[in-house]
2 protein chains.
Amino acid sequence: MSCEEDFFRSLRGRGLRLTSQRKTILAALHQLDELATAEEIFQHVQKSSSSSLDISTVYRTLELLRTFQVVSCIQGSDGQYRYELARHHAPHVHLVCRVCGRVFEAAVDSLQPFISAAWEHHGFEVDLNALSVGGLCRECCARGR
Amino acid sequence: MSCEEDFFRSLRGRGLRLTSQRKTILAALHQLDELATAEEIFQHVQKSSSSSLDISTVYRTLELLRTFQVVSCIQGSDGQYRYELARHHAPHVHLVCRVCGRVFEAAVDSLQPFISAAWEHHGFEVDLNALSVGGLCRECCARGR
DNA sequence: TTCTCTGCAAAGACTTTGCAGTAGG
DNA sequence: CCTACTGCAAAGTCTTTGCAGAGAA
């Protein structure tokens, strides 16, 4: 799995180690294949794997994966951080419904004018991997808020 | 002040009351005139006003103001909620630097294509007041991350 | 062997909640 | 006078941290 090899190389580059817990968490991210909280990743490992690990290890590993840009991280409408594999998905934006909290994925091409404008007017480099947009989804909108 | 009158009317519509604490918090939001956390609003009142209130009252009032759309609310890079008066500002987007945490305001016109696309493809109604975009600011970008 | 990493437990930061007294309308 | 609101204190939720032992390289 090239993702694990990449991770291993990144770790070695800083004198860090590829432990079984880190492998397990990376595998869980592949299996979940969607935005997941640290708690959800933890639960998934508890159920699907014989390996045991601690929730604090999950947090520490996710932080590490984030610094290597292996995972991207957004905050849902409930304020929790949610993670997903960065390279596993085409670049996309998350549409987070402020009522039901569900997350939808939208393409990024229509954002190009905005990205250019942010760069030209503010020197700001928009991070597409961490982009989440609040609003109302179709159902909640129809339900009248 | 029309903002307070609006708030009063909204409250009356639901049989709720305009208390001195709610007036104080609304005034603080006007004085701060920028994104502020509950704690910052609380501190501001403690310093600048003779009225005393509890931090839990600040949270309860901000939640109330949010349901009436008097304030809008985003999450900064540190995960804290930050509030500002919704009508006091022209519609704008917050650019949140993932390194230094500073927040910049950007115009929304270049987002029009994206807003239209989200609506057409997903039936998703983007909420501009709650829109924050992560990335790297000019300084942190120049500093090489 | 050498350090990094882990599990555990505890603390931390921010936010919410239950309750009895206070005060708005 | 009614009942929503407040302050207080306590709990809740999510996340981080200190430390001694475990385990990669």
Side-chain angles (χ1 to χ4, degrees), chain A residues 4-5 7-28 35-46 49-68 70-71 73-83 101, chain B residues 4-5 7-28 35-46 49-68 71 73-83 98 101:
Chain A
E4 188 175 301
E5 284 165 21
F7 185 32
F8 183 55
R9 250 173 269 128
S10 299
L11 288 167
R12 292 303 306 276
R14 295 206 201 171
L16 304 178
R17 294 164 188 176
L18 182 61
T19 62
S20 66
Q21 289 89 343
R22 289 178 180 172
K23 283 186 201 170
T24 303
I25 291 166
L26 195 55
L35 283 172
T37 62
E39 186 66 34
E40 284 161 358
I41 293 164
F42 177 65
Q43 297 293 342
H44 178 86
V45 172
Q46 301 250 302
S49 159
S50 56
S51 28
S52 86
L53 48 74
D54 191 79
I55 185 72
S56 66
T57 301
V58 177
Y59 279 107
R60 282 188 275 226
T61 301
L62 287 172
E63 174 57 21
L64 194 63
L65 288 165
R66 203 178 56 79
T67 67
F68 289 140
V70 176
V71 300
C73 167
I74 68 157
Q75 291 183 300
S77 55
D78 56 358
Q80 283 187 67
Y81 292 103
R82 287 166 198 279
Y83 300 84
Chain B
E4 188 174 302
E5 284 166 21
F7 185 33
F8 183 57
R9 251 173 267 129
S10 299
L11 288 166
R12 292 305 304 276
R14 295 204 201 172
L16 305 178
R17 295 168 186 173
L18 182 60
T19 62
S20 67
Q21 289 88 340
R22 288 176 181 173
K23 283 185 201 169
T24 303
I25 291 166
L26 196 53
L35 284 171
T37 62
E39 185 66 34
E40 284 162 357
I41 293 164
F42 175 64
Q43 297 292 342
H44 179 85
V45 172
Q46 300 249 304
S49 159
S50 55
S51 30
S52 85
L53 46 73
D54 191 79
I55 185 74
S56 65
T57 302
V58 177
Y59 279 107
R60 283 187 277 226
T61 301
L62 287 172
E63 175 57 21
L64 194 63
L65 289 165
R66 203 178 57 79
T67 67
F68 290 141
V71 299
C73 167
I74 69 156
Q75 292 183 300
S77 56
D78 57 358
Q80 282 188 69
Y81 292 104
R82 287 164 198 279
Y83 301 84
R98 72 160 174 271

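Here is how names work: the chains are called A, B, and so on, in the same order as the sequence lines, proteins then strands, and each is numbered from 1.
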Starting at atom CD of A/E39, determine the distance to atom P of D/dG12, rounded to an integer number of angstrom. 16 Å
Spell out yes or no: do the side chain of B/R22 and the base of D/dC5 have one donor N/O and one acceptor N/O closer than 3.5 Å? no
Tell me what B/L53 touches on the nucleic acid: a base, only sugar-phosphate, or nothing, going by heavy atoms under 4.0 Å. sugar-phosphate
Judged by nearest nucleotide, the residue sitting upstream toward the 5' end of DNA chain C, B/T37 or A/S20, is A/S20
Closest-nucleotide ordering on DNA chain C, the 5'-leading residue of B/L18 and A/T61: A/T61
Kindly give the heavy-atom pair with the smallest separation between B/A28 and B/H44, and that separation in Å. CB-CD2, 3.8 Å
Let's test your reading of the model: under 3.5 Å, does the base of C/dG7 pair with the side chain of A/R60 as donor and acceptor? yes
Below 4.0 angstrom from OP1 or OP2 of D/dG7, is there any side-chain N or O of B/S56? no
Could you state the interatomic distance from CG (A/L26) to CZ (A/R22), rounded to the nearest 0.5 Å? 11.5 Å
Sugar-phosphate only, base, or nothing, as touched by A/F8 at under 4.0 Å among non-hydrogen atoms: sugar-phosphate
For a quick test of reading the model: is some side-chain N or O of B/Q21 closer than 4.0 Å to OP1 or OP2 of C/dG24? no
Length of the CZ-P vector between B/R14 and D/dA4, whole Å: 13 Å
d(CZ, A/F7; C1', C/dC5) in whole Å: 12 Å
Measure from NZ on B/K23 to P on D/dT6 and round the result to the nearest Å. 12 Å
How is A/I55 classified with respect to the nucleic acid when contacts are heavy atoms under 4.0 Å: base, sugar-phosphate, or nothing? nothing
Taken to the nearest whole Å, CD/B/E63 to P/C/dT15 is 12 Å
Minimum side-chain heavy-atom gap A/F68-A/R14 below 4.5 Å: yes
Regarding A/R60 and A/E63, does a basic nitrogen lie under 4.0 Å from an acidic carboxylate oxygen? no
Ignoring backbone atoms, establish whether A/Y59 has a side-chain N or O less than 4.0 Å from OP1 or OP2 of D/dT15. yes
Interatomic distance, A/D54 CG vs D/dA20 P [rounded to whole Å]: 18 Å
What distance separates A/E5 CD from A/F8 CZ, expressed to the nearest 0.5 Å? 9.5 Å
Measure from OH on B/Y81 to P on D/dT13 and round the result to the nearest Å. 14 Å
Between B/T19 and D/dT6, does any side-chain N or O lie under 4.0 Å from OP1 or OP2? yes
Give the rounded distance in Å between these two atoms: CD of B/Q80 and P of D/dC14. 17 Å
